[in-house]
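Chain letters run A, B, ... following the sequence lines, proteins first, then strands; residues in each count from 1.
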There are 2 protein chains.
Amino acid sequence: MPRKVTSACAPKAPLEERPLLTLEKAGELARLFDVLASDTRLRLLHALVRMDDPYMGDLADAVDMKPQAVSNQLRRLVDMGILDTHRHGSHVHYHFVDTCIAKLMYHGLCLNDEAHAHRLVSAG
Amino acid sequence: MPRKVTSACAPKAPLEERPLLTLEKAGELARLFDVLASDTRLRLLHALVRMDDPYMGDLADAVDMKPQAVSNQLRRLVDMGILDTHRHGSHVHYHFVDTCIAKLMYHGLCLNDEAHAHRLVSAG
DNA sequence: TCATCATTACACTGAATTGTGTATTGAAGG
DNA sequence: CCTTCAATACACAATTCAGTGTAATGATGA
């Protein structure tokens with residue numbers, strides 16, 4: 001079995017052709033989106049994309065929040081399998097396990113911009 | 001006003017090149033993802049993609065939930081600007097305002113599948 | 001107008017989440 | 001060994017949210 005880093009999402013059957021999401025599948029997916037359903041986590045993830053191998057303190061500075069709060073959220077992201085860590089001296093660095101989550105964030109951002117434009121057009 | 005369904009998201013600057021999300025922007029985006037951070041809403045949206053112009057009762061049947069609960073969630077989706085409604089007799093039909101949200105769901109689903117495969121490979 | 005059914009509004013309960021404050025762990029350096 | 005600082009664990013208070021049960025609205029048909 002080839003050891004391959006997934007950076008793109010494999011093409012799958014479109015939504016219309018899939019059987020209705022089971023409760024279990026829907027629950028998994030909901031937990032995934034829930035990761036991105038927080039302004040704090042979104043900003044942390046964005047900071048991670050922008051910075052090069054930052055450690056926790058860097059991220060706390062970037063989002064201007066207390067280390068405890070940032071550590072809490074980062075731990076959630078690690079538990080979810082979104083991020084991974086490695087120590088360097090007394091500092092703990094964070095990095096993405098899979099960049100797909102960033103792509104998802106990007107898609108959401110585009111959609112949000114679209115919605116804004118749409119509203120401006122239709123509502124004036 | 002031309003009746004046009006927007007189905008593609010405009011290309012934008014990649015995440016790395018954008019300034020760090022402001023609290024406001026991050027909040028908007030978080031609310032967007034929060035819509036998809038619920039197994040019930042995901043299944044309702046999926047049912048909407050699969051069915052042709054369903055009304056509330058259809059959707060309640062599809063997800064096997066009480067009409068009140070379904071109506072609550074649908075109302076949230078309408079308030080968010082994700083769905084729109086039109087009456088047909090005593091029935092209220094729901095449809096997407098913009099299919100981008102479905103694309104986002106699709107991306108999330110792919111990512112979830114990928115993560116599963118990944119886990120199977122690395123953890124055995 | 002009246003009866004009936006579909007849909008929605010409203011108040012409520014239980015569960016989950018976030019950031020805070022405090023205490024603890026862990027590593028670097030004298 | 002001891003001090004110092006980074007990072008985390010833990011309990012707590014405030015907030016948010018989903019589904020339930022009941023009541024109200026709205027349309028259909030006699």
Side-chain angles (χ1 to χ4, degrees), chain A residues 21 23-24 26-48 51 53-95, chain B residues 21 23-24 26-48 51 53-95:
Chain A
L21 283 172
L23 263 178
E24 189 191 346
E28 287 176 19
L29 196 51
R31 276 195 299 279
L32 177 63
F33 281 118
D34 198 55
V35 173
L36 297 175
S38 151
D39 52 353
T40 295
R41 281 191 295 274
L42 282 174
R43 302 213 312 147
L44 283 173
L45 291 173
H46 192 198
L48 262 164
M51 303 166 93
D53 196 37
Y55 64 96
M56 201 272 276
D58 288 332
L59 295 168
D61 288 344
V63 301
D64 193 27
M65 289 179 62
K66 307 207 173 186
Q68 301 100 305
V70 172
S71 180
N72 280 342
Q73 297 302 334
L74 290 175
R75 193 167 119 54
R76 291 183 71 88
L77 294 170
V78 170
D79 288 346
M80 287 282 311
I82 309 294
L83 299 182
D84 201 357
T85 68
H86 68 99
R87 292 197 85 108
H88 205 78
S90 61
H91 290 190
V92 179
H93 294 249
Y94 290 81
H95 56 90
Chain B
L21 283 171
L23 264 177
E24 189 190 348
E28 286 176 20
L29 196 51
R31 276 195 298 277
L32 176 64
F33 281 117
D34 198 55
V35 173
L36 296 175
S38 151
D39 51 353
T40 295
R41 281 192 294 273
L42 281 173
R43 302 214 312 148
L44 284 173
L45 292 172
H46 192 197
L48 263 165
M51 303 165 93
D53 197 36
Y55 64 97
M56 201 273 276
D58 289 331
L59 294 169
D61 289 343
V63 301
D64 193 29
M65 290 179 62
K66 307 206 173 187
Q68 302 100 306
V70 172
S71 180
N72 280 341
Q73 298 302 333
L74 289 175
R75 194 168 117 55
R76 291 183 72 89
L77 294 170
V78 170
D79 288 346
M80 286 281 310
I82 309 293
L83 299 182
D84 202 356
T85 69
H86 67 100
R87 292 197 86 108
H88 204 78
S90 61
H91 290 189
V92 179
H93 294 249
Y94 290 81
H95 56 91

Could you check how far [atom1] of [X] sits from [atom2] of [N], rounded to whole Å?
X	N	atom1	atom2	value
B:Leu59	C:dT8	CG	P	10 Å
A:Lys66	D:dA7	NZ	P	16 Å
B:Leu36	D:dA18	CG	P	13 Å
B:His91	D:dG29	NE2	C1'	14 Å
B:Asn72	C:dC12	CG	P	16 Å

Between [options], which one does the side chain of [X] approach most closely?
X	options	answer
B:Met56	C:dT22, C:dA9, C:dT8	C:dT8
A:Arg41	C:dT18, C:dT20, C:dT8	C:dT18
B:Val92	D:dC17, C:dT7, C:dG19	C:dT7
A:Arg76	D:dG19, C:dT17, D:dT22	C:dT17

Look at the side-chain N and O atoms of [X] and state whether any lies under 4.0 Å from the OP1 or OP2 oxygen of [N].
X	N	value
B:Tyr94	C:dT8	yes
B:Arg75	C:dT8	no
A:Arg87	D:dA7	no
B:Ser71	C:dT7	no
B:Ser90	D:dG26	no
B:Gln73	D:dG19	yes

**Qualifying residue, where the test is side chain to side chain contact (heavy atoms under 4.5 Å, CB included) with A:Leu48 and the options are A:Leu59, A:Leu77, A:Asp53, A:Ile82** =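 Looking at A:Leu59, A:Leu77, A:Asp53, A:Ile82, the match for A:Leu48 under the side chain to side chain contact (heavy atoms under 4.5 Å, CB included) is A:Leu59.
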**Item:** Main-chain N/O of B:Val92 paired to B:Arg87 side chain as donor or acceptor, under 3.5 Å
**Value:**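 No; zero donor-acceptor contacts below 3.5 Å.
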**Asked** Base, sugar-phosphate, or nothing for B:Thr40, non-hydrogen atoms under 4.0 angstrom?
**Response**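 Sugar-phosphate: the residue B:Thr40, judged by heavy atoms under 4.0 Å, touches backbone atoms but no base.
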**Prompt:** So do A:Pro67 and A:Met56 actually touch side chain to side chain, heavy atoms under 4.5 Å?
**Reply:**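 Yes, at least one pair of side-chain atoms sits under 4.5 Å.
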